[in-house]
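Any value given below was found using the heavy atoms of this structure, including those in side chains, with hydrogens, waters and symmetry copies removed.
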Amino acid sequence: MLTRVTVATTEGASQALYNYYSHLFGLDVPLWQQYINFWSSLFHGNLGISTYLFPTPVVKVLTNAVPYDVFLLIPAILASWYAGNKFGAFAARSRWLDILFHHSVIS
């Protein structure tokens, strides 16, 4: 976040930004408290604020990505299921695969 802001004034402005973002992301508390805060927020469904798409909540980023994931995953799963069943049926009916495997194990 600090790299997106050009601070050419004083050291106080830079320190104020540092303090603001440290407090915003919970980095101003001890590590053990950050750990407890993380699990508490996770169980309440609060995944925090996205650092990539600041200040968008992470839950909103994920819900925007779900349709694209489903659009890619469902055809891939169906195609692999179909191809796997076809190849499995072919392998079950074909004797030359058994012979080939048998000869490679014995050799």
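Leu27 places none of its side-chain heavy atoms less than 4.5 Å from the side chain of Tyr21. When side chains are defined from C-beta on, Phe54 counts as touching Leu24, because their heavy atoms get closer than 4.5 Å. Under the 4.5 Å side-chain criterion, counting only non-hydrogen atoms from C-beta, Tyr82 is not in contact with Leu78.
For Gln34, there are no side-chain hydrogen bond (donor to acceptor under 3.5 Å, both in side chains) partners two or more places apart in sequence or in a different chain. For Val66, the side chain to side chain contact (heavy atoms under 4.5 Å, CB included) criterion is met by Val70, not counting sequence neighbours. Not a single side-chain hydrogen bond (donor to acceptor under 3.5 Å, both in side chains) links Asn64 to another residue, sequence neighbours left out. With sequence neighbours left out, the side chain to side chain contact (heavy atoms under 4.5 Å, CB included) criterion links Asp28 to His23. The side chain to side chain contact (heavy atoms under 4.5 Å, CB included) test applied to Pro30 returns Trp32, Gln33, not counting sequence neighbours. Scanning for side-chain hydrogen bond (donor to acceptor under 3.5 Å, both in side chains) contacts around Asn46 gives an empty result, with sequence neighbours left out.
Contacts classified as side chain to side chain donor-acceptor pair (under 3.5 Å) and involving residues 65-80 (residues at least two apart or in different chains) are not found.
Phe38 belongs to a hydrophobic cluster with Tyr35, Trp39, Leu42, Phe43, Leu47, Val58, Val59, Leu62, counting contacts under 4.5 Å between side-chain heavy atoms of Ile, Leu, Val, Met, Phe, Trp and Tyr, direct or through other members.
A distance-only check finds a donor-acceptor pair linking the side chain of Ser41 to the backbone of Asn37 [under 3.5 Å].
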Test Tyr52 against Val61 for side chain to side chain contact (heavy atoms under 4.5 Å, CB included), laying out the working first. CA-CA 10 Å; Tyr52 178 67; Val61 173; over 6 Å; no

